[in-house]
Amino acid sequence: MSQQQISLPAKLINGGIAGIVGVTCVFPIDLAKTRLQNQRSGQQIYKNMMDCLVKTIRSEGYLGMYRGAAVNLTLVTPEKAIKLAANDFFRQHLSKDGKGLTLFREMLAGCGAGMCQVIVTTPMEMLKIQLQDAGRLAAQQQKPVMMAPTKLVVTNAVLSRSYNSGPVASVPRAVSATQIAKELVQAQGIQGLYRGLGATLMRDVPFSIVYFPLFANLNRLGKPSPQESSPFYWAFLSGCVAGSTAAVAVNPCDVVKTRLQSLNKGASEESYNGVMDCVSKIMRKEGPAAFLKGAGCRALVIAPLFGIAQVMYFVGVGEYILDNFSLSFLSI
């Protein structure tokens with residue numbers, strides 16, 4: 001990342017583009033992560049990430065790996081905008097006389113950014129998880145009998161009252177993220193979209209506390225001198241290492257968040273009344289190892305996302321767009 005101060009609008013553009021490119025590249029791995037995290041003991045459909053992806057392609061087609069991607073692609077830009085803007089805001093107000101921040105103040109700035117981003121992150125994750133996990137539930141329902149692959153559908157208590165009501169489930173209707181959001185708001189109000197808010201805070205706040213200071217310090221190690229910027233490859237690697245480290249560190253919180261935000265429940269799957277109830281039931285019935293489900297997938301998702309973000313900053317995509325847009329606007 002360039003040593004010179006990057007304007008906030010340029011940061012927002014870089015972050016938004018990085019989010020869109022990153023989501024497009026790694027979304028299938030994120031889908032595998034969600035399905036692996038939602039599996040219960042004794043009801044495993046997928047053995048690992050590759051097995052999940054192969055079975056998804058066979059039963060749902062290549063595009064089946066991108067179910068729920070539209071939600072992320074739509075909301076990833078405002079999410080990155082809030083996160084980057086908040087981190088800059090807190091860093092600026094925590095700095096003294098323009099001097100560098102201490103590690104503790106860097107962690108405070110990251111904490112503030114993580115708390116702000118959940119405004120968008122929680123409903124985005126909520127809707128995404130319903131669509132991502134639908135294929136696992138369909139496969140679980142079809143497991144006892146051989147059935148031809150059908151169009152992927154979403155079933156949940158709000159959208160299909162007959163779900164799991166008998167030995168032969170009726171065919172539920174296909175729904176979109178917009179339909180899920182609309183019916184959740186009608187049934188539960190706006191708080192329906194913020195189910196799992198506490199778990200999302202538990203994941204995103206520690207993630208930002210770990211990521212931002214770790215990246216800043218790793219990137220600083222690669223600078224030839226305090227006045228020069230680190231090489232491109234070093235910034236890229238710093239983003240990947242910091243992102244994957246933070247992702248694995250908070251994976252237990254991500255498992256809890258995924259379980260709480262999954263409205264759809266398969267046969268004999270547990271329902272949870274809150275964060276502590278979810279943690280205790282997972283610990284009692286599945287053991288501590290359950291909190292590491294999908295950790296490898298999550299690391300593989302997060303590392304490229306933040307590495308790509310560093311590419312955007314290094315190339316200066318945001319600055320290029322702003323400069324050319326300004327010139328074009330002034331010439332009109």
Side-chain angles (χ1 to χ4, degrees), residues 1 6 8 11-12 14-23 25-26 29-30 33 72 75-92 94-95 100-122 124-125 199-223 229-230 233-257 292 294-314:
M1 193 181 299
I6 301 175
L8 180 58
K11 284 188 176 184
L12 301 184
N14 287 332
I17 295 176
I20 291 170
V21 173
V23 166
C25 293
V26 303
I29 304 175
D30 188 61
K33 182 225 40 147
N72 264 35
L75 297 179
V76 69
T77 298
E79 181 210 12
K80 296 296 182 187
I82 292 173
K83 187 170 187 172
L84 290 168
N87 187 61
D88 276 358
F89 174 82
F90 289 117
R91 288 182 72 92
Q92 180 182 350
L94 289 170
S95 63
L101 293 173
T102 63
L103 178 60
F104 178 71
R105 289 175 180 266
E106 287 181 332
M107 293 173 69
L108 282 180
C111 176
M115 292 180 70
C116 292
Q117 78 172 85
V118 297
I119 297 171
V120 175
T121 304
T122 305
M124 176 178 75
E125 292 278 313
T200 306
L201 280 168
M202 284 175 55
R203 183 198 67 172
D204 289 348
V205 171
F207 179 92
S208 295
I209 289 175
V210 173
Y211 172 76
F212 283 112
L214 183 57
F215 169 75
N217 286 279
L218 286 175
N219 194 42
R220 193 177 298 123
L221 293 175
K223 294 181 179 180
S229 61
S230 60
Y233 67 87
W234 190 269
F236 175 81
L237 290 175
S238 296
C240 289
V241 171
S244 58
T245 301
V248 173
V250 302
N251 194 74
C253 301
D254 191 56
V255 172
V256 174
K257 181 196 73 67
L292 294 178
C297 293
R298 182 161 164 75
L300 289 175
V301 168
I302 297 297
L305 283 176
F306 286 93
I308 291 169
Q310 297 314 313
V311 173
M312 296 298 127
Y313 283 114
F314 185 87

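Residue numbers start at 1 and run along the sequence shown. A quick note: this is a predicted structure, and the numbers were derived from the prediction, not measured. FYI, side chains are in, hydrogens and waters are out, and symmetry mates aren't considered; it's all heavy atoms of this structure.
Distance alone, capped at 3.5 Å, places no donor-acceptor pair between the N219 side chain and the F215 backbone. Remark: side-chain polar atoms of W234 are paired, donor with acceptor, to backbone N or O of L218 under 3.5 angstrom. A distance-only check finds no donor-acceptor pair linking the side chain of T245 to the backbone of A242 [under 3.5 Å].
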Inset, instruction - Please report the C-alpha distance between M107 and L103 in whole Å, then the side-chain angles of each, then the deciding distance to 0.1 Å, and finally whether the side chain to side chain contact (heavy atoms under 4.5 Å, CB included) criterion is met. - result: CA-CA 6 Å; M107 293 173 69; L103 178 60; 4.2 Å; yes
Inset, instruction - Decide yes or no on side chain to side chain contact (heavy atoms under 4.5 Å, CB included) for V248 and R298, but give the supporting numbers first. - result: CA-CA 7 Å; V248 173; R298 182 161 164 75; over 6 Å; no
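For the pair G19 and V76, the tightest heavy-atom approach, listed with the atom from each and the gap, is CA-CG2, 3.8 Å. When every heavy atom of M202 is checked against every heavy atom of C253, the shortest pair comes out as O-SG, 3.5 Å. The two atoms that bring I302 and F207 nearest to each other are CG2-CZ, 3.8 Å, heavy atoms only. In terms of heavy atoms, A113 sits closest to A86 at CA-CB, 3.8 Å. When every heavy atom of C116 is checked against every heavy atom of F90, the shortest pair comes out as SG-CE1, 4.1 Å. Annotation for G110 and S208: closest pair O-CB, 2.9 Å, computed over non-hydrogen atoms.
Note that NZ of K83 is 13.5 Å distant from CD1 of I119, once rounded to the nearest 0.5 Å. Expressed to the nearest 0.5 Å, how far OH of Y211 lies from CG of N87 amounts to 9.5 Å. Atoms CD1 and CG, from I209 and L108 in turn, are 8.0 Å apart once rounded to the nearest 0.5 Å. How far CD1 of I82 is from CG of L75: 9.5 Å, rounded to the nearest 0.5 Å.
Each of L201, T122, T200, V250 was compared with K257 under the side chain to side chain contact (heavy atoms under 4.5 Å, CB included) criterion, and only T200 meets it.
Every residue meeting the side-chain hydrogen bond (donor to acceptor under 3.5 Å, both in side chains) condition with T121, not counting sequence neighbours, appears here in chain and number order: E79, Q117. Applying the salt bridge (charged side-chain N to carboxylate O under 4.0 Å, His left out) criterion to D204, with sequence neighbours excluded, gives no partner residue.
Put simply, the side chain of L221 does not reach to within 4.5 Å of the side chain of N217, judged on heavy atoms.
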